[in-house]
Amino acid sequence: MKLFNILKKCNTVFTIINPQNFDISGLTYDSRCVKNNFIFSCIQGKNYCGTNFIKDLIHYKKITILTKSQSKGLKSLNDKFKKKITLIVSKDVKKLSNEILNILHPNKFREKIAVTGTNGKTSVTDYTRQIWHKKKISCASFGTLGVLFKDKQIIKSGLTTFEPEIFFKSINKLSNLGCEKLILEASSIGIDQDRIYPLRFDKIGFTNLTHDHIDYHKTFRNYKIAKSKLFKNFSNKSTIAVLNSDDKYFEYFKKICIKKRIVVLDYGFKANFLKITNIEIVQDSIILKLKIKKSQVKLILKKISLFDIYNRLCSIILVHGEKLSKPNLQILNKLTSPKGRLEKVYDKQFTVYVDYAHTPDAIKKVLESLKKIEKKNIISLIGCGGDRDFKKRPLMTQIALRFSKIVILADDNPRNEDPLKIRNEMIGKIKKKNKILNIGDRETAIKEGINIIKKNEIFIIFGKGHEEYQLIRDKKIPFSDSKMVLKIIKRK
């Protein structure tokens, strides 16, 4: 496609210098990936700016440079090269880059859904994909578990919400393969950085809002506003919002939806659309009573966590929307929990779970559910990531202590921070430390938990879930909680 034809379709304001209308075959942020007839987008990163690498492109032909400043990175170039390149200057390089990527890599999905919230995004996204798959609908999901298509992981994930260059190329490829429906996790950081711009979603799901990512957003208010942008900036005239009526911030998001004239379908005890009327735990089952369109529904579910009921209800509404009816709800019992989400990795003399929860609220919900459902003593292993929100560190320990017989502190992606410092901050001003084992090394910590656990007790390992690595300084070291558990038990 010719450069001028691409730019005509863009809404972001720009200025073009030395315009040359040649064919464009791609756009990249990485100078090492540039080819002839490419656009090189100069993004400002955390440790670098793309303009620093313009000089490396001198040998290419028909190159377009997209940058925020006309002068930055171009002063040192010779006049001959300057005459060869077309320069596009825009105050919002990211948005313009995304618009171009979306034009170069179009998609024709019948439905696009985004899910946001502090906890539960991965489960809701995967459950929605599972329901579609069981209904023989070609579908894909993007998120923490990577890209899943035809019930298989085809791309591993580094981020909850993918970087635009990878994302737009991937959805284009899936669309060309006949994929009809797409669902993705929209993290607050991904929304704030406009990684999914300029997409508009047919449905938007909201799970809950609690303390997280304050290291990035600085305040909880900023975090909340970032989440709200998904409804404000990424909806269209026919978007449906699926909201958790029992969340503290339900009214905040509902008001935004009303202002945007977005139809709201809610779920929970306080809901109007899909109302929970009762939850009863009976031996190995949960009896769930619901009300939908004046019809009473009784479901007998396999024993699952209480918060997971909310995740499943959100997903079933995302699939069926306003057409949801009593028969559709039977499929909820056929769903399987995503990997690393309260995953039972051992269940004989005692039980061992692995769970991705890494926020105070997520840990609280998991432990509350286990206490209500299992009614057994719990040993919890927790840790906090380095270079991340330090305010939540003591909160996580306090919550774990409230529900656990013993709390084991282990390293969890310490990155460039001193792991001992992180663990000491997790203990904070806690006076009674007799229930805390401050161990550190993750393998040693898991081994200790298995050594001290007694018959009919629960050992739950928080923080990493499906992840198969530890981030220590600049190294990505292979490590899987579930594999380590089985390895240690086998040795006993």
Donor-acceptor contact below 3.5 Å, side chain T207 vs main chain K121: no
Assess whether salt bridge (charged side-chain N to carboxylate O under 4.0 Å, His left out) is satisfied between K483 and E468, documenting all intermediate values. CA-CA 9 Å; K483 288 177 183 176; E468 298 194 341; 3.7 Å; yes
Going through the checks in order, is the ring pair (Phe, Tyr, Trp, His ring centres under 6.0 Å) test met by Y249 and F220? CA-CA 12 Å; Y249 297 96; F220 184 82; 5.4 Å; yes
State, without any angle test, whether T359 and N119 hold a side-chain donor-acceptor pair at a distance under 3.5 Å. yes
Side chain to side chain contact (heavy atoms under 4.5 Å, CB included) between E448 and T444, worked out: CA-CA 6 Å; E448 181 62 18; T444 306; 5.6 Å; no
K487 with E443: basic N within carboxylate O range, under 4.0 Å: no
For L290 and T277, the nearest pair of non-hydrogen atoms, with its separation, is N-OG1, 3.9 Å
Quick one: do N236 and T239 satisfy side chain to side chain donor-acceptor pair (under 3.5 Å)? Show the steps, please. CA-CA 5 Å; N236 54 45; T239 297; 3.0 Å; yes
When you measure from the side chain of D246 to the backbone of F269, do you find a donor-acceptor pair of N or O atoms at a distance under 3.5 Å? yes
When I382 is tested against each of L401, I461, V407 for side-chain contact (heavy atoms from CB on, under 4.5 Å), which residue passes? V407
Considering only NZ, NE, NH1 and NH2 on the basic side and carboxylate oxygens on the acidic side, decide whether E467 and R442 come within less than 4.0 Å. no
Aromatic plane relationship, F350 with Y346 - under 30° parallel, 30 to 60° tilted, over 60° perpendicular: tilted
Using the six-membered ring wherever Trp is involved, compare the ring planes of Y356 and H466 and label them parallel, tilted or perpendicular (cut-offs 30° and 60°). tilted
Pick one: which of L101, N107, I196 meets side-chain contact (heavy atoms from CB on, under 4.5 Å) with F168? L101
Please check if the number of heavy atoms outside K433 that lie under 6.0 Å from its NZ is greater than 12. yes
For residues D266 and I317, report the shortest heavy-atom separation together with the two atoms involved. O-CD1, 4.0 Å
Give the C-alpha distance, both sets of side-chain angles, the deciding distance and a yes or no for side chain to side chain contact (heavy atoms under 4.5 Å, CB included) between K464 and N413. CA-CA 9 Å; K464 300 190 65 60; N413 294 339; 2.9 Å; yes
Would you mind reporting whether R415 and L471 have side-chain heavy atoms less than 4.5 Å apart? yes
Between E185 and the options T161, T116, T122, the side-chain hydrogen bond (donor to acceptor under 3.5 Å, both in side chains) test singles out T122
Evaluate side chain to side chain contact (heavy atoms under 4.5 Å, CB included) for F162 paired with I171, printing each intermediate quantity in order. CA-CA 11 Å; F162 285 44; I171 62 172; over 6 Å; no
Derivation of the salt bridge (charged side-chain N to carboxylate O under 4.0 Å, His left out) call for E368 and K372: CA-CA 6 Å; E368 272 183 335; K372 286 179 182 178; 5.6 Å; no
Check whether any side-chain N or O of N377 sits under 3.5 Å from a backbone N or O of E457 as a donor-acceptor pair, and report yes or no. no
Is there a donor-acceptor pair closer than 3.5 Å between any side-chain N or O of K232 and the backbone N or O of K260? no
Can you confirm whether S480 sits close enough to Y469 that some side-chain heavy atom of one is under 4.5 Å from a side-chain heavy atom of the other? no
How about N328 and S325: does a side-chain donor come under 3.5 Å of a side-chain acceptor? yes
Using the six-membered ring wherever Trp is involved, compare the ring planes of F167 and F142 and label them parallel, tilted or perpendicular (cut-offs 30° and 60°). perpendicular
Does the side chain of Q130 come within less than 4.5 Å of C139's, by heavy atoms? no
Rounded to the nearest 0.5 angstrom, the NZ-OG1 distance for K455 and T351 is 12.0 Å
Does a side-chain N-to-carboxylate-O contact under 4.0 Å join R129 and D151? yes
Within a strict 4.5 Å, meaning less than it, do heavy atoms of the L288 and L329 side chains meet? no
Side chains of S404 and S380: donor-acceptor distance under 3.5 Å anywhere? yes
Step by step, work out the side chain to side chain contact (heavy atoms under 4.5 Å, CB included) result for F462 and L381. CA-CA 6 Å; F462 285 111; L381 184 150; over 6 Å; no
Pick one: which of D212, D192, T118 meets side-chain hydrogen bond (donor to acceptor under 3.5 Å, both in side chains) with Y223? T118
Classify the side-chain pair Y310/N208 by whether it contains a donor and acceptor separated by less than 3.5 Å. no
Could you tell me whether the side chain of L342 reaches within less than 4.5 Å of the side chain of D308, counting heavy atoms only? no
What distance separates M426 CE from M396 CE, expressed to the nearest 0.5 Å? 5.5 Å
Could you please spell out the steps behind the side chain to side chain donor-acceptor pair (under 3.5 Å) verdict for E165 and T28? CA-CA 7 Å; E165 190 176 345; T28 184; 3.0 Å; yes
Which pair of heavy atoms, one from P414 and one from P419, lies closest together, and at what distance? CB-CG, 3.9 Å
Any side-chain heavy atom of F390 sitting closer than 4.5 Å to one from D215? no
D387 side-chain N/O to N416 backbone N/O, donor-acceptor pair under 3.5 Å: yes
Going by the angle between their ring planes, with limits at 30° and 60°, are F231 and F206 parallel, tilted or perpendicular? perpendicular
Flag the pair V242 / L313 as yes when at least one side-chain heavy-atom distance between them is below 4.5 Å, and no otherwise. no
I378 CD1 to F459 CZ distance, which is reported to the nearest 0.5 Å: 12.0 Å
